Structures are given as C-alpha cells and as structure tokens.
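Values in this document were obtained by computation on a predicted structure and should not be read as measured data. Positions are given from 1, in the same order as the sequence printed here.
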Amino acid sequence: MPERPTFEAAVARIHSPEPDAKILGAGFLVTERQLLTCAHVVGARSVVAAVFVKDSGMVSRLANILYLGNPDRDDVAVLELRDDAPSGSIPVAIADPEAGDEFVAVGFPGPRPQGAPIRGVLKAAVMGGLYGIETMGSEQVQRGFSGTPAWCPKRRAALGMLVGKEEGSNTEAYIMPSLKLRQALARASMVSLSPQLATSLPGLIHICQSIFLSSKEIRDLYSLCCPRDWPSLPGIESASELLQEAIWSLSDAPHQSYSGALPLLCFVRALEDRSQGEARETLQGWREKVEMVTSYPPQCSVSLGVGPLPRSSGTYHLLISIETEKWVEDDAKDPRCTVNAHLLGTRQPGGIFHETSTLSAERRGESLYRILAKTAEILRDDGASTLETQIEFLLPIHLLGMEVDRWELKQVFEEPLPIGVRNVVVVRSLERDNDFSSRELLTRRWNAMKRDPDLRCLLFRGSNGELPVDPLPSAVCLTRDLAYQQRLSLRLENTGVVCAVLLESPSVKDQRVRALLQVGIPIALWPRKEVLSEEDLFSLFRSWIEGEPLNQLPRRVWEKRRSDYMKPDQIGHCLTLLWDDPTRPFPGREQQERFREAKSKTPGARVS
C-alpha cells in the first residue's frame, strides 16, 4: 500500500448536493476557495458538493461552477466554495509535467468513499496534449478518480489532473497537463473581476452558436474588436468552438481608454449587424442588460464597414496591493506589510506575487524587481512590450502620498530607473476598495465621466465652501480652509465633481482626502513636495485638466515624470495621481463576497 500522500488535505470528493447522491469524482483546491475537477464530473450542474475527508470525519461544502469546459476538448471545470474550506485544507501548487515523472493520486471509487491511493508514472504526451500513465502496484484507476491531482512528491506540486476517457467498454486514464488547468483558472478568474459579466457568458455563447458564422467570419470579427497586440485565436477549425474561444478571450480584454469601449460588447454589436430577427433582438437584449449591470457605457457601435476600434496602449494592467499590518508613526521604522501583485489583460491573468515583510527601501526594491521580472516574462510570452504596462498601487490612506513612482527597478548592466519613468504609475485607495458604499458612489461618478471620452473639466477653486453645483462632471481645487472641511463630504456629495486637486501635500489626517474618498471622487492630484508656488501649481494643473481629455491625465503625468527625470527640483519628481478605476477591482475573497452581495440585490442578475 502506498504511503499516505501529504497532498490529501487539498483533495475533495465531488457529488451532487442532494442527500445520499452517488459520488461523481474528485477535485482539489488550488486557491483558498477554488477547486479544479473534470467538466464531465459536474456535467450540466450549476452547484455541487465538495466533501473533504478529514481525520475527524467528512466536512461538506457547497460549490458553484465558475467555469465549465468542453468534455471532448478541455475537460476542466473550476469550482468556488461558498464558504471557507475546512481547517487544515491547503491548496496545492501546479507544475509543468515531463514524461518519466512519478506521481501519487487519491480517488473515490464506489466501494472506497474514504479514498483509494494509487502510484504511477507519466508516459509521453498523446493526441490533445494529454499524458499517458502507467500505474505501479495492484491498484488501478477506476471510476471516481477523475478530477484528482497527479501529485509529484519530488516537486511538491501537482503535475496535472487525472481524466478518464471511455474507450469502448474500457476506461483509459490520462493526465490533463498544467497548461490547460491554468487556462481554465484564467477564465474563471473573471468572476473575481467582473462577476456579472462572467455569469452571463454561457448564455451569450448559446445565443451566438445559433447564428451561422464561418470560421473566417469569426476571425474577422475578432480581429476587428480585440485590442492592439491581443493574442490571436487558436487554430481551431470548428466554428462553434472558435466562437467560444473568441468570446472567452475578449471577455478578459479591458475597456479601451480612448473610446470607453469594452471589446466583448463591440463583438456582440458586430454580431447584431450579422444577424436578423429573433437572434438580433436576443443579442441586443443581452448586450443592454450587461451594459446596465456592469455599468459600462454603451459606446461600442461597430460594424465590419467601420474599421478597427481605436486601441489603447494601456492594454495590460499590473495591480500591486500593499497592506500594512500596523502603521508606525515613527518615520524611522519601516511598517510591516503584505504585498500582492495581480496581472490583468493577458491570456492567463492572475496572481503573480505574494510576500509579507517590512517596507524598507531594500525590500521594496527587491519585491518590485521580482514583480516586474515576472510581468515581463508573461508579456513576452504574449508578444507584448513591457512599456505598455500600466501599474496601479492599491494603498492604505497613510501611504497614498508614498513615492511609489520613484521606486527604482535595478537590473544588471543598466542604470537603475524609477518605475514611473518606465511605466505609467497611479495609486488607488485601499480604504475605498474595502468600503462597498463608497465604491457605489465611485462607480456612479466614474461612469458620469466615462460617458464622454473627450471630457474636459473646468477647474474651480473650492475656497470658503464654494463648490460647483452643476451636476455635469467637473473638477475642484480643494484649499486648506478649515472652516468648511468638517462638512466637506456633505458639500461634495451632491456635486458632479470627478476630479480633485490639492496644491500641497496632504497629511495622514487631512479631512479633504478622507472626504473625496468617502464621496467617491475617482481622480485626485497633488504634489508630495513644495516645488512651485500655489498660483503656478494651480495654473499647471488647470492646463492639464482643462486643456486635454481627462482620461489622458495618467499619460500626461507620466510624460512629466519622464521629462523631469534629470531635474530633481521639478514637479515631475513629486506628483501623486490617485486614479481609482472601479472597473478593475483588486481580486480577493472579500472583493468576491462584496460583488456577490451586490449582485444578489441587482434585479434580473443571476447569482452564481
């Protein structure tokens, strides 16, 4: 009998949620709440039960189906637990397999509900990228092993997932490689980023498959709507499968900053032009519902005769979250913090970095280097330039003024350069991200601004409580006057202000910053150091905000940082730009729970 594997804490038995239902197969944790299993194990269900076999008994958790692949091609499903996994259940890492690797696995054949272990070795890859296996010992793969991880004790990681294929009257077992598992996780990750959109995609695929389109037409539409440098579609001949690939790929593409368009909605509009009658009306209804639920502006009018969409140079977004465990008032002490990095806009978006340490200059430089090196590797695989990456730091309020754009990226044989010289860098508010009511106000103001991609705001001076009362989007310079700061949030609440300017560095307890976060003002700009007089600074900011479209402000701040790189006494060295884009919430368990709660309160939205 093989030795009890250490990975069993991640393995769960999968069955339907009804009492006394028969076992369907196995699954395994890959994040704190997400499991992988086979698509044929869960079938057409929307909910299953995951039973973790513990030393003290069996603990059951209901799980939603986030992503369901095609059992004949990518037999993978991604599940999400509705509650935390049982204590002691630890996710497993995934590694790339090689022929000759030995593995152990645990399945749940009918008479063995507590689990039966096997050992085996990987053979060469066969048709479809699956790996053949050869079992060792008397135990053989049976029904109930599908979906379990092939654990490599030597690498301390899963090499893939066991998949059973019916071959006549026999069941042949293979290993689904890690690449296909990561692709499925990437598609399921959209639920964290835009759950309303993700849960409606299966319905869209079903609608579109009822419209006759050739593979060439699908590729033409995809090329028309996808962002610049976006990966092309795989070489699939089946029009039905190619259409599904196109929809999943475009659903990961972020909205384009020049037009405010979401590539997937542009694709659906183009499909409307190619369809008639009931199909056209159904597509239009789906698009309008998604536009309303996701709060994206309906500015995606596209047809094959119009030509390509204006494409943003900021296709890829690197989100870096810094959470301090305890803020230290003494500037001589570096706060201890947790740094997480998440990359969006690639074929395989997801978390790429996690570390807890002090925020010393040395440690943050090392962390930043590893984050950007990993980003460069992923973008290189996608055929993109790292210069097109936009970096967003999610910071607590006491770190919002930190010079994150000045952190240096140290590379061998190159002069260290501040990250803000190479990349567009903005900051976002961790407090607002953790406050759902504030996020609702933020989304409302952001959408008001995005309705006009060429918006140019007038900049008002907000002294003595005088604020713009026009509901149209506007900008305001918040002065130091203390007389109105106590009621500033009430004064700002019913205005159309979308951009705030401070002419001096705010303190940690500055009521103005807290007010603009509380009422959801998405954009703010201030200097960290006193390098210009207030009048000169106001004139400079006014030329930026009134002179060109507001959505180009990050690019203009970046250009100023680059031009002032060799001039340490210039404004470009000390600009903080708060740019809270609610369409890119930082993924995490708390974020998913807030979105799920909001979705349950949205009329007509299906809760996954």
Side-chain angles (χ1 to χ4, degrees), residues 189 193-194 226-231 252-263 296 309-322 339-353 368-369 371-380 382-395 400 402-407 409 417-430 433 442 446 449-450 453 499 522-525 544 548-562 572 575-587:
S189 70
L193 310 176
S194 182
C226 67
R228 181 164 59 86
D229 291 333
W230 200 251
D252 178 42
H255 72 278
Q256 301 303 288
S257 60
Y258 292 157
S259 63
L262 188 67
Y296 283 104
L309 285 171
R311 294 176 181 179
S312 165
S313 61
T315 300
Y316 301 94
H317 301 276
L318 176 62
L319 311 183
I320 302 176
S321 172
I322 300 179
V339 179
N340 286 287
H342 200 96
L343 183 63
L344 307 184
T346 67
R347 285 287 286 175
Q348 297 187 43
I352 62 174
F353 184 86
L368 190 62
Y369 174 80
I371 291 171
L372 294 183
K374 182 65 174 178
T375 301
E377 176 186 342
I378 295 173
L379 297 190
R380 187 165 56 249
D382 270 18
S385 167
T386 56
L387 292 178
E388 295 181 0
T389 308
Q390 291 195 16
I391 300 178
E392 304 178 4
F393 282 89
L394 190 65
L395 304 175
L400 282 182
M402 178 176 279
E403 297 180 328
V404 290
D405 56 287
R406 297 291 299 160
W407 289 3
L409 174 62
L417 279 177
I419 184 177
V421 173
R422 287 191 171 182
N423 305 85
V424 178
V425 176
V426 299
V427 299
R428 295 166 54 187
S429 165
L430 183 64
D433 193 69
L442 169 68
W446 182 267
M449 178 190 71
K450 295 300 289 184
C499 177
I523 304 169
L525 188 63
W544 284 0
E548 297 187 55
L550 192 59
N551 63 10
Q552 291 303 304
L553 186 57
R555 181 69 52 179
R556 294 198 294 277
V557 170
W558 180 58
E559 291 171 350
K560 189 64 176 173
R561 286 171 179 158
R562 296 183 69 187
L575 285 171
T576 292
L577 174 62
L578 179 76
W579 188 268
D580 263 339
D581 182 347
T583 66
R584 285 194 293 276
F586 198 93

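- Checked by atom type and distance alone, the side chain of Arg561 pairs as donor or acceptor with a backbone atom of Val425 at under 3.5 Å.
- For the pair Val426/Asp581, no side-chain contact is recorded, criterion being any heavy-atom separation below 4.5 Å from C-beta on.
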_Between Glu392 and His342, is the side-chain contact (heavy atoms from CB on, under 4.5 Å) condition met? List the steps._
CA-CA 10 Å; Glu392 304 178 4; His342 200 96; over 6 Å; no

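- Closest approach of Arg556 and Pro549 over heavy atoms only: NH1-O, 3.1 Å.
- In this structure, the separation between SG on Cys499 and CH2 on Trp579 is 8.0 Å, given to the nearest 0.5 Å.
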_Stepwise side-chain contact (heavy atoms from CB on, under 4.5 Å) test for Trp544 and Lys560_ = CA-CA 11 Å; Trp544 284 0; Lys560 189 64 176 173; 3.9 Å; yes

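- Between Ile322 and Phe393, the shortest heavy-atom contact is CD1-CD2, 4.1 Å.
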*Given the rule in the side-chain contact (heavy atoms from CB on, under 4.5 Å) test, do Leu577 and Ile523 qualify, once you have shown the distances and angles that lead to the verdict?*
CA-CA 7 Å; Leu577 174 62; Ile523 304 169; 4.2 Å; yes

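- Smallest separation of non-hydrogen atoms from Ser429 and Leu394: O-CD1, 3.5 Å.
- Side-chain contact check for Thr576 versus Val427: some heavy-atom pair is nearer than 4.5 Å.
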*Please test Trp558 against Arg562 for side-chain contact (heavy atoms from CB on, under 4.5 Å), starting from the C-alpha separation and ending with a verdict.*
CA-CA 6 Å; Trp558 180 58; Arg562 296 183 69 187; 3.2 Å; yes

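- Results of the side chain to side chain contact (heavy atoms under 4.5 Å, CB included) test with Leu343 over Thr375, Leu319, Ile371, Ile320 single out Thr375 as the only residue that passes.
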